[in-house]
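Structure first, commentary second.
Proteins come first, then strands; the chains are lettered A, B, ... in the order of their sequence lines, and each starts at number 1. Heavy atoms only: backbone and side chains are in, while hydrogens, waters and symmetry mates are out. These figures come from a predicted structure and were not determined experimentally.
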Number of protein chains: 2
Amino acid sequence: MEPTAAEIEAAVTAFEVFLRDRRLKMTEQRRTMVRVVLDKRGHFTADELYRKLLSDGESVSMATVYRALALLEEGGVVEGHDFADGQRRYERALGREHHDHMICVDCRAVIEFTNHDIERLQDEVAKAHGFTLKDHSLQLFVECRDWHETGTCPRRVERERGASGAQG
Amino acid sequence: MEPTAAEIEAAVTAFEVFLRDRRLKMTEQRRTMVRVVLDKRGHFTADELYRKLLSDGESVSMATVYRALALLEEGGVVEGHDFADGQRRYERALGREHHDHMICVDCRAVIEFTNHDIERLQDEVAKAHGFTLKDHSLQLFVECRDWHETGTCPRRVERERGASGAQG
DNA sequence: ATATCTGCAAATGTTTTGCACTTTT
DNA sequence: AAAAGTGCAAAACATTTGCAGATAT
């Protein structure tokens with residue numbers, strides 16, 4: 001499901017077109033970020049992306065990461081979500097279908113799901129009120145009962161050791 | 001739909017019981033906040049509540065407002081929401097039914113709605129994945145088309161004048 | 001050439017915290 | 001008296017911004 005190298009390069013080109021249309025410039029930092037981001041699975045924060053770039057030996061600043069993420073989002077390369085934990089999270093959008101998220105309140109694992117009936121009903125609700133639905137945000141906060149009960153949830157154990165957040 | 005004075009006092013007492021169960025104390029500030037909060041309609045931020053208390057001549061600090069809001073939320077007096085604009089928003093929970101929110105991306109108006117089919121489907125989704133649904137967060141970001149087109153949306157006009165945020 | 005970018009450091013805005021003092025229980 | 005709460009100012013955090021120098025078109 002990860003994009004091939006060729007697909008990533010096509011996306012770089014597409015992003016360049018997006019930038020050109022707005023009279024913005026393609027830079028080494030932006031190019032690198034498109035590549036890194038499309039190669040990522042799961043969700044990541046601005047800070048996680050920044051660290052990844054640094055550990056890859058890239059030369060970027062946090063400010064540039066934030067400025068680029070905003071553009072990557074507008075350009076449809078990534079999608080941003082707010083899981084109500086104080087940090088915006090991103091995920092690769094290119095070539096992915098729309099989905100919503102279940103977040104385990106115990107271990108913070110993120111599980112994706114799609115439910116077309118819910119999507120349709122949302123549209124109907126908006127219409128019924130005379131509005132146009134532009135976007136939505138749906139998170140289900142769940143509990144991984146079995147893992148929870150046995151205390152063996154691997155992600156929770158990891159989190160309690162102080163490791164970085166779990167991702168679905 | 002606003003609670004009567006008697007209902008508010010009953011809520012103060014109930015909150016006191018909640019506190020006592022946890023070996024916490026009822027204070028003048030907390031008592032006042034329960035009253036003020038239950039009297040409010042619409043959504044408010046911590047800062048808005050703080051200003052309201054000050055203008056009422058109450059003696060509170062921002063720190064106490066934040067600490068109390070956390071307790072009020074746990075005690076079921078208020079419910080907190082994250083509308084992805086960087087500030088947590090609260091609303092009176094006591095005696096209110098569950099509902100979700102539509103937020104106009106143009107004027108930031110907040111409209112409440114309830115859809116039982118969506119609720120049921122959320123439960124089913126969680127169950128289908130082997131999880132227990134503990135909570136959810138659903139926001140529909142909409143556009144008030146007519147107002148938008150005519151440029152007469154009262155809330156937008158108000159917002160552009162620099163007034164405080166609109167509430168549904 | 002010129003408009004846009006970048007990095008840095010400083011600023012921002014919201015929320016949290018340490019601490020000495022005050023208030024409930 | 002003991003335990004918890006308060007205000008204040010400082011800290012913590014994620015994110016944004018001003019500006020001078022660097023880079024893309």
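- A/K40 has no carboxylate O lying under 4.0 Å from a charged side-chain N of A/E48, or vice versa, which leaves the two without a salt bridge.
- Taking atom OH of A/Y66 as the reference point, atom P of C/dG7 lies 15 Å away to the nearest angstrom.
- Residues A/H136 and A/H98 form a side-chain contact, since some pair of their non-hydrogen atoms from C-beta on lies under 4.5 Å apart.
- Atom CG of B/L49 and atom C1' of C/dT14 are 15 Å apart (whole Å).
- Under the 4.0 Å criterion applied to side-chain N and carboxylate O atoms, A/E58 and A/R35 are not assigned as salt-bridge partners.
- When the C1' atoms of four end pairs are superposed on the next four at each end of the helix from C/dA1-D/dT25 to C/dT25-D/dA1, using five pairs per end, the two resulting axes differ in direction by 30°, to 10°.
- Pairing each heavy atom of B/A93 with each of B/V78, the nearest pair is CB-C, 3.6 Å.
- Between the side chain of A/H99 and the backbone N or O of A/E97 there is at least one donor-acceptor pair closer than 3.5 Å.
- The separation between B/M62 atom CE and C/dG13 atom C1' is 11 Å, rounded to whole Å.
- Side-chain nitrogen and oxygen atoms of A/S59 include at least one within less than 4.0 Å of the OP1 or OP2 phosphate oxygen of C/dG7.
- At whole-Å resolution of the value, CD in B/E48 and P in C/dT14 are 10 Å apart.
- Pairing each heavy atom of A/Y90 with each of A/L69, the nearest pair is CE1-CD1, 3.6 Å.
- Counting any heavy atom pair closer than 4.0 Å across all strands shown, A/R67 reaches a base atom.
- The CG-P distance, from A/L72 to C/dC5, rounds to 13 Å in whole Å.
- Nearest heavy atoms, B/D117 versus B/N115: N-OD1, 3.0 Å.
- Taking 4.5 Å as the limit, every side-chain heavy atom of B/V34 sits out of range of all side-chain heavy atoms of B/E16.
- Protein chain B touches strand DNA chain D; the 5'-most and 3'-most nucleotides with an atom under 4.0 angstrom of its non-hydrogen atoms are D/dA3 to D/dC8.
- Atom CE of A/M33 is separated from atom C1' of C/dT6 by 10 Å (rounded to the nearest Å).
- Judged by distance alone, the side chains of A/T114 and A/E112 never bring a donor and an acceptor atom under 3.5 Å apart.
- In this structure, the CD atom of B/Q87 is 16 Å from the P atom of C/dT12, given to the nearest Å.
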(message) Treating primed atoms plus P, OP1 and OP2 as sugar-phosphate and everything else as base, which nucleotides of nucleotides 20-25 of chain C get B, S or - for protein heavy atoms under 4.0 Å?
(response) ----BS
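- The nearest whole Å value for the distance from the CZ atom in B/R89 to the P atom in C/dG13 is 15 Å.
- Screening A/Q122, A/K127, A/R120 for a side-chain hydrogen bond (donor to acceptor under 3.5 Å, both in side chains) involving A/E124 leaves a single residue, A/R120.
- At a threshold of 4.0 Å, the pair A/E74-A/R22 counts as salt-bridged, since one of the basic side-chain nitrogens sits closer than that to a carboxylate oxygen.
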